[in-house]
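Okay, so here's the structure we're looking at.
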2 protein chains.
Amino acid sequence: MLAAMSLRIALLGLLTTVGPASGYDLAKTFDGSLNYVWQAGHTQIYPELVKMHADGLVTVEAEGARGRKIYAITPEGERELRTWMEEHDPVLPGRSEIALQAFLLHLVDHDQAIAVVERIRARYRAQLERLKALRPGEFGRHAHALGLTLARAGLQWADTTLADLRGD
Amino acid sequence: MLAAMSLRIALLGLLTTVGPASGYDLAKTFDGSLNYVWQAGHTQIYPELVKMHADGLVTVEAEGARGRKIYAITPEGERELRTWMEEHDPVLPGRSEIALQAFLLHLVDHDQAIAVVERIRARYRAQLERLKALRPGEFGRHAHALGLTLARAGLQWADTTLADLRGD
DNA sequence: CGGTACATGTAAAAGGTTACATGATTTC
DNA sequence: GAAATCATGTAACCTTTTACATGTACCG
């Protein structure tokens, strides 16, 4: 069993949380709230559901109009999900364009550096606003709190850095 | 020109910051400090340098012992790097195993939830310690500050969440 | 009957990881 | 002369993105 497969876990988690759903539904949910913690488009979700079906983690519970297929999690899928939560040691994101720009700030001149940090600030600001606008429950409560905390921290860094750059 | 290509930017940034270097050197630097903002192994770096050479962004300045090749950034490479810093709107990391576990916390029982958050806490703690141990200058000053701020925020979330879980 | 939302897919390319492979130089 | 480090690479595989492709049902 591979270490990654987080897309699988996200799908199994959604099926457990919201009950049986189609790939289309799951893609919408990704778009609406889960996308703050894990992103995936329908072109990744549909084939993955087929593989999960082959692996016995989900079943096709019903087929509706327009070829709609309703997937439900199986006991084996539940076991896989629980095992991952209990045993998987999560890794910190190892790539961040924002952190890379921060890292390379010294390579651009003073005014450009300010512009870069202001762009980063706007990103964190937008993230914070989007998270604040989410209805509670639309997003896992603890993940929501984590997202808010990290967005506020990023914003704080941007403000401190701008003050530093301007007042030198 | 594609939107991503951040590995290229990271390599160009390093060549500008530390001067001409071999793929081996660059891989070491990735390992030592840049890895907090962008990760890449030598198997990704070597072929990328070859492509960047073909695209005129770097030159092979010298060849040393053991087939060592010293790459230097070209004016075109400098232009590419500057353009990215000036124009690229950075995106927030869209996938986090930590956030995914936080999102799915409600699916495991109380004791397991505490164990999950403690594991996450240990991750942020280790990150914070590693960043604090870095000699200043070994890591871009602003990226270092951002890393510290985000690690402290994650730690804070973990502490708050643990208190919340324990005192219900 | 035209537009929007529903619903599912495939294929090619890009980005990233793991395993394999080779050989030179230095240090003890 | 054995071990560690230097130094570069390839191949297979997995993950993710982008572009292409198709057809159904509902709403006005």
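Note: hydrogens, waters and symmetry copies are ignored here, and every other heavy atom, side chains too, is used. Chain letters run A, B, ... following the sequence lines, proteins first, then strands; residues in each count from 1. Predicted model, so just to flag it, every value in this text is computed and none were measured.
Distance, L7(A) CG to dG15(C) C1': 16 Å, rounded to whole Å. Between the CE atom of M5(A) and the C1' atom of dT17(C) there is a distance of 16 Å, given to the nearest Å. Taking atom CD on E48(B) and atom P on dT17(C), their separation rounds to 13 Å, with Å as the unit. Q44(A) has its CD atom 17 Å from the P atom of dA11(C), to the nearest Å. Atom CD in E63(B) sits about 17 Å away from atom C1' in dT25(C), given to the nearest Å. Going from atom NZ of K51(A) over to atom P of dC13(D) covers 14 Å, rounded to whole Å. Rounded to whole Å, atom C1' of dA7(D) lies 13 Å from atom CG of L26(B). Straight-line distance from the CD1 atom of I45(B) to the P atom of dT17(C): 11 Å, rounded to whole Å.
We find that R125(B) and E129(B) are joined by a salt bridge, their nearest charged nitrogen and carboxylate oxygen being less than 4.0 Å apart.
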Could you go through the side-chain hydrogen bond (donor to acceptor under 3.5 Å, both in side chains) check for D164(A) and T161(A) one step at a time?
CA-CA 5 Å; D164(A) 179 52; T161(A) 303; over 6 Å; no
Tell me, with the steps shown, if E63(A) and R68(A) meet salt bridge (Lys or Arg N to Asp or Glu O under 4.0 Å).
CA-CA 5 Å; E63(A) 305 210 19; R68(A) 180 180 170 88; over 6 Å; no
Does the pair E118(A) and R166(A) meet the rule for a salt bridge (Lys or Arg N to Asp or Glu O under 4.0 Å), with working shown?
CA-CA 12 Å; E118(A) 268 170 350; R166(A) 283 179 173 135; 2.5 Å; yes
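Residue Y24(B) places at least one side-chain N or O under 4.0 Å from the OP1 or OP2 atom of dC6(D). Dashed line: the shortest gap from a side-chain N or O of Y46(A) to OP1 or OP2 of dG9(C) is not under 4.0 Å. OP1 or OP2 of dG9(C) sits under 4.0 Å from a side-chain N or O of K69(A). In terms of phosphate contacts, R66(B) brings no side-chain nitrogen or oxygen within less than 4.0 Å of OP1 or OP2 of dA24(C).
Among the nucleotides dT17(C), dT8(D), dG15(C), the one closest to the side chain of A4(B) is dG15(C).
Within the nucleic acid shown, S22(A) comes within 4.0 Å of sugar-phosphate atoms alone, with no base atom in reach, counting heavy atoms only. Residue R95(B) is in sugar-phosphate contact alone, with no base atom involved, counting any heavy-atom pair closer than 4.0 Å across all strands shown.
Counted by atom type alone, H144(A) and S33(A) present zero donor-acceptor pairs between their side chains at under 3.5 Å.
Contact annotation: side chain of T43(A) to base of dT16(D), donor-acceptor pair absent below 3.5 Å.
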